[in-house]
Amino acid sequence: MLPEPKNFIEEFIVEDIRAGKVPGKVHTRLPPEPNGWLHIGHAKNIFVNAGTAERFGGLCNLRFDDTNPTKEDQEFVDAIMADIHWLGYDWNGGLFFGSMYFDQCYELAEKLIQQGDAYVCDLSQQQIKEYRGTLTAPGTDSPFRNRPVEENLDLFRRMRAGEFPGGARVLRAKIDMASPNINMRDPALYRILHVPHHQTGDKWCIYPMYDFAHPIQDAIEEITHSMCSMEYEDHRPLYDWVVEKCGFAHRPRQIEYARLNITRTVMSKRYLRSLVENGLVSGWDDPRMPTLAGMRRRGYTPEAIRDFIDRAGVAKANSVVDAALLEHCVREDLGRKATRTMAVLRPLKVVLTNWPKDKTEAMDMENHPDRPELGTRTVPFGRELWIERDDFMEDPPKKFFRLFPGGEVRLKSAYIIRCDEAIKDESGEVTELRCTVDLDTRSGSAGAERKVKGTLHWLPKHAAVPAEFRLYDYMLKDESVAEGGDEIESEDAASAKRDYISEFNHDSIEVLKGFIEPSRADAKLGDTFQFLRQGYYCKDVDSSAEMAVFNRTVSLKDSFAKAVRV
RNA sequence: UGGGGUGUCGCCAAGCGGUAAGGCACGGGACUUUGACUCCCGCAUUCGCAGGUUCGAUUCCUGCCACCCCAGCCA
């Protein structure tokens with residue numbers, strides 16, 4: 001039973017299956033290069049490859065694309081595997097490394113040489129560039145293009161044996177130097193790199209290029225559909241050329257789609273890496289990072305991220321998805337599952353003048369408004385309380401529902417109070433509110449029926465747990481900066497990004513000294529709460545810190561907190 | 001000015017010749033012990049532009065225009 005195609009990729013797959021081109025199961029692959037941690041953009045790739053295989057009841061391999069040892073590292077393969085699992089995906093087709101196929105790639109390279117489809121070129125990098133021609137002018141053949149097969153073979157074997165220094169020669173495909181598609185102008189297949197590899201150690205000093213290795217890997221693993229981003233569309237003829245010249249009976253199909261862009265978000269490994277390397281963030285999993293690990297620490301759930309990718313859609317047009325959609329997805333998910341709690345970020349003292357000095361009462365509060373099974377907790381209530389500073393205004397505008405002199409408000413799950421007087425210091429700042437409680441309005445009692453327009457969250461002064469909050473932006477503020485890729489770019493965009501990086505780690509942080517409910521002081525790791533009017537709050541699952549997302553995003557570590565404001 | 005790709009509501013995105021889905025955002029209303037949440041209702045006579053074919057075109061043809069990608073021994 002085929003699923004109803006939900007995008008053009010699935011339509012292609014359904015067509016292929018109906019046409020009998022997929023004898024077995026749909027088989028895809030996830031080909032991350034282990035040169036950084038996964039970010040939200042990679043989630044789309046995972047969604048498209050692993051997710052599509054899943055929907056078709058097929059298989060997905062995880063294959064690290066590790067053909068360039070100069071920028072890859074074991075640290076990244078470990079982190080990537082953990083993040084894929086966290087997102088809720090798996091590699092039911094198996095775990096592979098591109099480097100596992102180095103022997104086969106080498107053999108196939110010799111095969112191409114023997115067929116007269118590849119040659120060793122002694123031109124320097126600069127010369128190759130010159131010979132390649134331009135977008136409008138055809139290239140010219142390398143003087144080494146028609147080397148005899150035996151000489152090519154000998155040279156290639158000596159390249160492998162380490163007889164030449166790095167960069168001295170390359171193996172090139174012999175295709176067409178006049179092709180309008182520059183990727184077909186005798187692209188490099190193998191280069192000399194005297195660099196140890198994190199998987200193969202010192203075994204090799206020549207490494208295959210992506211364009212040569214990837215189709216071979218896909219063919220060997222019998223991948224049926226190989227989904228990648230749009231910039232590889234021009235490489236597809238080369239991909240097909242390699243599969244054909246190598247003589248594979250199995251022909252994988254490459255399908256391209258547009259990569260994910262989100263407003264105000266830098267989706268460039270190059271810049272994320274520079275933040276890490278320059279110490280501007282604590283690491284790839286810094287809560288401010290748009291990496292999956294960073295987002296996890298901020299409280300984003302894998303369900304929310306997957307839902308976001310799903311709703312953003314998969315198509316070929318490049319687009320920038322509004323970050324508001326991401327925020328909506330997390331709110332929706334957390335709103336469903338997060339228990340509620342109270343926190344006061346900017347405290348303002350309230351004294352209930354008609355409440356006995358040492359009297360306290362335990363107020364019951366539900367942990368979730370729509371899920372009674374999540375139980376209740378109690379919060380002590382007393383004469384002195386903290387409320388949010390923003391919840392009081394001395395001169396309220398017309399439709400202000402919260403507290404003001406002479407006004408009444410309900411304290412969530414407690415009593416209705418009236419503000420009698422605002423006490424100020426010499427500078428005129430309000431330092432304390434004198435209020436009276438309507439003792440007949442305790443939550444749950446008959447008198448609680450009385451309605452007032454506003455309801456506030458609060459904390460008992462004697463039992464509130466001090467907490468320091470930090471609010472800051474993790475995303476770009478400048479739209480123009482956020483949309484570039486990591487390719488060669490204009491000086492303007494580059495300098496804008498540099499500005500962003502230099503501003504990244506400090507300025508937008510606001511430190512607040514507030515309080516949190518005593519009942520939540522020792523919450524378990526991974527617990528998530530909703531607090532305030534529209535914020536969510538959660539335990540950082542990777543450390544002992546707590547934090548939250550949305551309008552008020554907060555974390556606590558002991559009595560020291562970090563937070564993110566979106 | 002070579003080649004490839006894309007242009008449908010503020011942002012995504014369906015649509016595959018029969019008279020413009022859906023989501024986010026936004027606006028209005030209901031509900032509410034947090035102005036949140038939830039719930040209703042509204043939101044493209046129009047599909048980059050111009051011609052053409054057709055009874056009929058967002059869908060087919062032609063020509064323009066705009067944007068993105070390609071000249072790494074990166075992936």
Side-chain angles (χ1 to χ4, degrees), chain A residues 6-7 11 31-33 35 65-68 70-72 121 123-125 128-130 132-139 166-172 178-185 187-193 206-207 209-211 213-214 228-237 256 258 263 269 308 310-329 331-332 335-336 340 342 365-366 369-370 388 391 399-402 409-416 441 443-444 448 451-458 485-488 530-535 551:
Chain A
K6 68 178 176 191
N7 57 47
E11 273 176 35
E33 182 185 16
N35 67 347
D65 216 332
D66 56 353
T67 55
N68 183 356
T70 63
K71 21 161 78 167
E72 297 153 6
C121 183
L123 254 25
S124 70
Q125 193 160 175
I128 286 184
K129 182 175 180 168
E130 286 160 13
R132 187 152 29 227
T134 68
L135 295 179
T136 51
R169 293 176 222 262
V170 289
L171 181 73
R172 293 228 258 165
S179 171
N181 180 349
I182 291 181
N183 296 298
M184 300 298 271
R185 321 242 260 228
L189 264 23
Y190 258 97
R191 77 288 217 183
I192 299 171
L193 248 32
I206 57 172
Y207 293 92
M209 299 289 292
Y210 167 88
D211 281 322
H214 205 87
C228 59
S229 40
M230 290 300 290
E231 64 265 30
Y232 292 103
E233 200 155 33
D234 286 338
H235 294 244
R236 193 166 68 227
E256 310 82 10
T263 54
K269 248 191 225 176
F308 166 68
D310 195 15
R311 294 210 216 187
V314 179
K316 290 173 81 97
N318 39 348
S319 56
V320 183
V321 180
D322 196 330
L325 179 61
L326 209 209
E327 290 164 23
H328 173 266
C329 290
R331 290 182 131 100
E332 190 174 78
R336 211 162 30 224
R340 306 298 107 129
M342 295 194 290
M365 302 183 97
E366 75 279 7
D370 310 317
E388 205 67 58
D391 285 343
K399 290 247 213 155
F400 188 71
F401 291 173
R402 287 168 270 167
V409 88
R410 159 146 243 127
L411 295 178
K412 171 80 177 164
S413 299
Y415 294 89
I416 290 173
T441 58
S443 202
K451 302 293 181 191
V452 288
K453 273 191 274 186
T455 301
L456 306 183
H457 55 278
W458 52 275
D486 43 355
E487 295 75 28
I488 294 108
Q530 178 187 32
F531 75 132
L532 297 190
R533 293 189 176 70
Q534 38 199 335
N551 298 10

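Below, chain A is the first sequence line, B the second, and so on; all start at residue 1. Computation of the quantities below employed the complete heavy-atom set of this structure, encompassing side-chain atoms and omitting hydrogens, waters and symmetry-equivalent molecules.
- Proximity note for A:Phe401 (side chain, C-beta onward) versus B:G2, B:G10, B:G35: the nearest is B:G35.
- Pair check for B:C64 finds B:G48; Watson-Crick or G-U wobble, both atom distances under 3.5 Å.
- When the P atom is used for both B:C67 and B:G29, the distance is 42 Å, rounded to whole Å.
- Counting only distance, with no hydrogens or angles, the side chain of A:Ser179 and the backbone of A:Asn181 share a donor-acceptor pair below 3.5 Å.
- Within the 4.0 angstrom heavy-atom criterion, base atoms lie near A:Arg410.
- Judged by distance alone, the side chain of A:Asn7 and the main-chain N or O of A:Gly313 form no donor-acceptor pair under 3.5 Å.
- As judged by a 4.0 angstrom heavy-atom cut-off over every strand, A:Glu33 is placed among residues touching the sugar-phosphate backbone only.
- The residue A:Thr67 sits close only to the backbone: its heavy atoms come under 4.0 Å of sugar-phosphate atoms, none of a base.
- Nucleotide B:U53: unpaired (no Watson-Crick or G-U wobble partner with both distances less than 3.5 Å).
- Residue-to-nucleotide contacts include no donor-acceptor pair under 3.5 Å from the side chain of A:Glu332 to the base of B:C24.
- Distance CG (A:Asn318) to P (B:G4): 18 Å, rounded to an integer number of Å.
- Pairing for B:G27 goes to B:C41, judged as Watson-Crick or G-U wobble with the two contacts each under 3.5 Å.
- With both ends at atom C1', the span from B:G5 to B:C39 equals 43 Å, rounded to whole Å.
- Residue A:Tyr207 is classed as having no contact, given no heavy-atom separation below 4.0 Å to the nucleic acid.
- For B:U33, its base sits under 3.5 Å from the side chain of A:Ser443 at one donor and acceptor pair at least.
- Side-chain atoms of A:Thr263 do not come within 3.5 Å of backbone N or O of A:Asp322 as any donor-acceptor pair.
- Across all strands shown, B:U1 remains unpaired; no Watson-Crick or G-U wobble contact has both distances below 3.5 Å.
- For the OP1/OP2 pair of B:C73 and a distance below 4.0 Å, the side-chain nitrogens and oxygens of A:Arg132 include at least one atom meeting the criterion.
- Dashed line: the shortest gap from a side-chain N or O of A:His457 to OP1 or OP2 of B:U34 is not under 4.0 Å.
- Across all strands shown, A:Leu123 has heavy atoms under 4.0 Å from base atoms, whether or not it also approaches the sugar-phosphate.
- If you take atom C1' in B:A14 and the same atom in B:A21, they sit 6 Å apart, rounded to whole Å.
- Closest contact between the side chain of A:Pro180 and the listed nucleotides B:G2, B:A75, B:G5 involves B:G2.
- With its glycosidic angle within 90° of 0, B:G72 is assigned syn.
- Across all strands shown, B:G22 forms a Watson-Crick or G-U wobble pair with B:C12, both key distances being under 3.5 Å.
- Heavy atoms of A:Phe400 sit under 4.0 angstrom from at least one base atom.
- We find that CG of A:Asp65 is positioned 13 Å from P of B:C74, with the value rounded to whole Å.
- A donor-acceptor contact shorter than 3.5 Å links the side chain of A:Arg410 to the backbone of A:Thr441.
- Within the 4.0 angstrom heavy-atom criterion, only backbone atoms of the sugar-phosphate kind lie near A:Lys451; the bases stay farther away.
- Atom CG of A:Asn183 is separated from atom P of B:C69 by 14 Å (rounded to the nearest Å).
- Here the nucleotide nearest the side chain of A:Lys129, chosen from B:U6, B:G3, B:G72, is B:G72.
- A:Val409 comes within contact range of no nucleotide atom at all, as no heavy-atom separation falls under 4.0 Å.
- Here A:Lys412 lies in heavy-atom contact (under 4.0 Å) with a base.
- Here the P atom of nucleotide B:G5 and the OH atom of A:Tyr232 are 18 Å apart, to the nearest Å.
- Counting any heavy atom pair closer than 4.0 Å across all strands shown, A:Ala448 reaches a base atom.
- Surrounding NZ of A:Lys129 are at most 12 heavy atoms belonging to other residues, nucleotides or ligands under 6.0 Å away.
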Intermediate values then yes/no, salt bridge (charged side-chain N to carboxylate O under 4.0 Å, His left out), A:Glu233 and A:Lys316: CA-CA 11 Å; A:Glu233 200 155 33; A:Lys316 290 173 81 97; 2.9 Å; yes

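- Within 4.0 Å of A:Asn68, counting heavy atoms only, lie sugar-phosphate atoms of the nucleic acid but no base atom.
- Between the P atoms of B:A57 and B:G48, the separation comes to 15 Å (whole Å).
- Using a 4.0 Å heavy-atom criterion, one finds that A:Glu11 contacts the bases of the nucleic acid, with or without backbone contacts as well.
- An OP1 or OP2 oxygen of B:A13 is reached within less than 4.0 angstrom by a side-chain nitrogen or oxygen of A:Ser319.
- Set against B:A75, B:G5, B:C70, the side chain of A:Glu233 has B:G5 as its closest nucleotide.
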Residues A:His457, A:Asp391; criterion side chain to side chain contact (heavy atoms under 4.5 Å, CB included); working and verdict: CA-CA 9 Å; A:His457 55 278; A:Asp391 285 343; 3.9 Å; yes

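- Within the 4.0 angstrom heavy-atom criterion, no nucleotide atom of any strand lies near A:His214.
- Residue side chain A:Asn181 does not reach the base of B:G4 through any donor-acceptor N/O pair under 3.5 Å, judged by distance alone.
- Atoms CZ (A:Phe308) and P (B:G22) sit 21 Å apart, rounded to a whole Å.
- Nucleotides B:U8 and B:G4 place their C1' atoms 23 Å apart, quoted to the nearest Å.
- Distance noted for atom C1' between B:C43 and B:C26: 8 Å (whole Å).
- For B:U33, the OP1/OP2 oxygens have no side-chain nitrogen or oxygen of A:Arg340 closer than 4.0 Å.
- If A:Leu325 and A:Glu366 are placed on RNA chain B by their nearest nucleotide, the residue sitting closer to the 5' end is A:Leu325.
- When both pairing distances are held under 3.5 Å, B:G35 makes no Watson-Crick or G-U pair with any nucleotide shown.
- A:Ile128 comes within 4.0 angstrom of a nucleotide base, judged by non-hydrogen atoms across all strands.
- You cannot call A:Tyr210 stacked on the base of B:A75; the centres under 5.5 Å and planes under 30° rule is not satisfied.
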